[in-house]
Amino acid sequence: MQLLQDILQNVSAVSTHGPLDVQVQSIAFDSRQVQEGVLFVAVRGVQADGHAFIQKAVEANAVAVVCEELPKELQPGITFVQVRDSGEALGRMASAFYGHPSTKLQLVGVTGTNGKTTSVTLLHKLFRELGYHVGLISTVQNQIDEEIIPATHTTPDAVKLNELLAQMVKAGCTHCFMEVSSHAMVQQRVAGITFAGGVFTNITHDHLDYHGSFEDYIKAKKSFFDMLPKTAFALVNADDKRGPVMVQNTKASAHFYALRKAEEFKARIIDNTIQGLHLEVDGQEIWCKLIGAFNAYNLLGAYGVAVLLGEDPMEALTVLSSLNSAAGRFDYIVSESQITGIVDYAHTPDALENVLNTIQEIRNPNQKVITLVGCGGNRDATKRPIMADIACRLSDRVILTSDNPRFEEPQAILDDMQKGVKPLDFKKTLSVLDRKEAIKTACMLAEPDDIILIAGKGHETYQEIKGVKYDFDDKKVLREMFVQLGK
Ligand SMILES: CC(=O)N[C@H]1[C@@H](OP(=O)(O)OP(=O)(O)OC[C@H]2O[C@@H](n3ccc(=O)[nH]c3=O)[C@H](O)[C@@H]2O)O[C@H](CO)[C@@H](O)[C@@H]1O[C@H](C)C(=O)N[C@@H](C)C(=O)N[C@H](CCC(=O)O)C(=O)O
Ligand SMILES: Nc1ncnc2c1ncn2[C@@H]1O[C@H](COP(=O)(O)OP(=O)(O)OP(=O)(O)O)[C@@H](O)[C@H]1O
Ligand SMILES: N[C@H](CCC[C@H](N)C(=O)O)C(=O)O
Ligand SMILES: [Mg+2]
């Protein structure tokens, strides 16, 4: 419980109506969660405008309402606070409500199209091994040391985020590594949060449905670096064309890492095999368990963060070399007849291309590559034909299938994907709507030693269809099919 005036300490109100010394039990931005003593924040969203639910919140006995536009009639007994930007105010109020937990630990945010989960997971494991109490906020799961707290978003909403950070502080965490998605930036989920550092992995095609254009997507990512304080570091992948743009206006101290240029943090790939990566990092040779050139970037970024946070470089490298990847990232099983089945979360064109290039690099010429891929419903549709084309270019056989159709017709998504298949590739491409059937088909097509890539869902253990999440686990189904088909 906190006084409204204390919650408002970092919010510049346009106007206030009613007493500010009222007790607030909790903060809600969904009228359906309002009960007596709750502060309701009206936020404009994609589907709806929270302002339309102010009356509902009032009826549910909200103690106060924060909004951009005041309702025509102000109910007596309820305090109304008008602000310029409710999303930003929500972030700042949530931080104050939970006692500014982000200032009480070293919080590092990672943004970029690909590699966020891998990077924060590596950092969480690294700092645990170095002996710290560490928090993790990621797509796969949130964690306080080894305790797992399920995640619903890559970056939680402002209230959940500050609540989580407060729990971490209470548990004695000194560090937290979190993913900062572009949606989170636009929706101000991290407003009012103090970061000790920020990392930029890369930016490629994704989420254009939400951001409208690539320029706006870049702006969303850049806005994370614009908000970093002077005390923070901004660690940027200099091999990405947009790297320098990210730190153009930041107050934080900019640092760079690269594989293709001489930068402060530098690595070179000596060898890239199914056993892992052999790297040279800052002149030191290491063997890592992670597979794929793109993981050299994730490892180097994590190393840079450790050094910037004051850790011993050699010790950090030694631990990094012992770490496995995050769940569902180049996760593989080998069948009785030596078919390698890889489950990977590649759900963007760039990620798919990277994973397939890696497979091409590590396979021997007589191993066929069979790729199974789909695209999510109610998400960026422009990536669908592109991903189908990439799959065709870099595989011997392609099976297009469903990946979380959500509220779209699964067949319509496949039709969009098929548009990217070139006539020459028709022969090698199949469409199998049902993902389980598709995995079975891939296993039937595979001969001993072949490689099957199952892309798009990685760690996910569900298939989301019309608002219902049905149990579905790519790796489990793959294992079952290998056994069922005697592969
Ligand atoms: C597109 C998107 O990001 N939507 C998020 C957004 O919802 P929205 O804008 O649609 O909200 P809305 O339904 O329009 O409602 C507007 C406001 O009215 C309120 N409301 C609504 C109904 C009602 O009866 N009463 C009420 O008060 C809502 O609580 C909300 O505050 O705000 C909600 C609350 O924070 C989020 O849960 C929701 O995430 C949806 C479920 C989602 O799927 N988001 C994905 C795309 C996402 O955020 N992904 C990124 C990662 C992407 C990546 O990099 O791969 C993530 O960080 O997870
Ligand atoms: N640094 C990287 N560059 C390019 N591709 C990568 C990189 N790291 C991982 N990938 C690929 O992208 C996929 C997703 O990786 P990861 O989950 O780490 O990214 P993310 O940024 O967290 O994704 P999301 O936006 O869904 O949260 C991996 O399965 C892999 O195929
Ligand atoms: N965080 C991403 C994950 C996409 C994963 C893919 N399986 C899909 O459902 O499209 C999103 O919500 O857009
Ligand atoms: Mg992620």
Side-chain angles (χ1 to χ4, degrees), residues 28-34 40-54 56-57 86-87 90 110-122 137-140 151-161 179-189 201-204 206-207 209-210 217 220-221 237 239-240 290-301 325-331 342-348 350-358 374-380 383 402-406 413 453 455-460 462-464 474:
F29 52 84
D30 187 333
S31 58
R32 291 162 291 197
Q33 278 162 18
V34 174
F40 176 67
V41 187
V43 181
R44 296 185 207 276
V46 179
Q47 317 280 339
D49 181 352
H51 289 80
F53 304 103
I54 291 178
K56 284 258 175 302
S86 304
L90 175 62
V110 179
T111 197
T113 307
N114 292 309
K116 299 185 295 297
T117 301
T118 308
S119 302
V120 294
T121 306
L122 283 175
I137 297 177
S138 86
T139 314
V140 178
T152 56
H153 286 73
T154 289
T155 309
D157 66 68
V159 178
K160 223 178 276 150
L161 172 60
E179 290 186 51
V180 181
S181 68
S182 53
H183 290 76
M185 286 315 299
V186 173
Q187 292 163 28
Q188 308 248 36
R189 295 181 204 160
T201 60
N202 49 61
I203 188 160
T204 55
D206 203 13
H207 302 307
D209 56 326
Y210 183 74
Y217 182 37
K221 297 269 181 220
N237 174 4
D239 285 342
D240 190 288
L290 270 57
I291 300 158
F294 54 88
N295 271 321
Y297 283 95
N298 298 333
L299 285 157
L300 182 62
S325 192
R329 274 70 181 162
F330 219 102
D331 217 346
I342 302 165
V343 171
D344 189 85
Y345 196 45
H347 55 80
T348 66
D350 180 57
L352 187 62
E353 186 155 16
N354 285 331
V355 168
L356 281 168
N357 275 332
T358 293
C375 287
N378 301 100
R379 292 288 189 272
D380 192 344
K383 68 181 177 187
S402 302
D403 176 341
N404 294 332
R406 302 195 174 85
I413 300 174
L453 169 68
K457 294 181 67 64
H459 65 284
E460 292 177 356
Y462 56 82
Q463 180 79 303
E464 193 180 336
D474 279 349

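Read the numbers this way: they start at 1 and go in the same order the structure lists the ligands and their atoms. Just the heavy atoms: all of them, side chains too, but no hydrogens, waters or symmetry mates, feed the values below. Counting begins at 1 with the first residue of the sequence.
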Considering the heavy atoms of [X], write down every atom of ligand 2 situated less than 4.0 Å from one of them.
X	answer
Lys116	18 (O), 19 (O), 20 (P), 21 (O), 22 (O), 23 (O), 24 (P), 25 (O), 27 (O)
Asn354	3 (N), 4 (C), 5 (N)
Asp350	4 (C)
Arg329	16 (P), 17 (O), 29 (O)

Legend entry - ligand 2 to Thr201 polar contact by distance, N or O atoms, under 3.5 Å: no

Closest by any non-hydrogen atom to [atom]: pick that one out of [options].
atom	options	value
atom 8 (C) of ligand 3	Thr139, Asp403, Asp380, Thr117	Asp403
atom 18 (O) of ligand 1	Gly50, Ser31, Ala28	Gly50
atom 18 (O) of ligand 2	Thr113, Thr358, Thr118	Thr118

Legend entry - Those atoms of ligand 1 less than 4.0 Å from some heavy atom in Gly45: 9 (O), 14 (O), 16 (C)

Legend entry - Ligand-residue contact atoms, ligand 1 with Phe40, heavy atoms, under 4.0 Å: 27 (O)

Do any nitrogen or oxygen atoms of [X] come within less than 3.5 Å of a nitrogen or oxygen of ligand 1?
X	result
Ser181	yes
Asp157	no
Asp49	no
Arg189	yes
Phe29	yes

Legend entry - Distance flag for atom 22 (C) of ligand 1, protein heavy atom under 4.0 Å: yes

Legend entry - Verify atom 32 (O) of ligand 1: protein non-hydrogen atom under 4.0 angstrom away: yes

Below a 4.0 angstrom heavy-atom separation, can you tell me which part of [X], side chain or backbone, both or neither, approaches ligand 2?
X	value
Asn298	side chain
Asn114	both
Asn202	side chain

With heavy atoms only and a cut-off of under 4.0 Å, state how [X] meets ligand 1: side chain, backbone, both or neither.
X	value
His183	side chain
Lys56	neither
Phe53	side chain
Tyr345	neither

Inset, instruction - Using a strict cut-off of less than 4.0 Å between a Lys/Arg side-chain nitrogen and an Asp/Glu carboxylate oxygen, indicate whether Arg189 and Asp157 qualify as a salt bridge. - result: no

Inset, instruction - Keeping the roles fixed (side chain from Asn404, backbone from Arg406), state whether a donor-acceptor pair exists under 3.5 Å. - result: no

Legend entry - Identity and separation of the nearest protein heavy atom to atom 13 (O) of ligand 3: Arg379 NE, 2.7 Å

Inset, instruction - Report the part of Arg406 in contact with ligand 3, treating N, CA, C, O as backbone and CB onward as side chain, heavy atoms under 4.0 Å; options are side chain, backbone, both, neither. - result: side chain

Legend entry - Glu179 to ligand 1, any heavy atom closer than 4.0 Å: no

Inset, instruction - With Lys457 as the cation and Tyr462 as the aromatic partner, state whether NZ or CZ is under 6.0 Å from the six-membered ring centre and within 45° of the axis. - result: yes

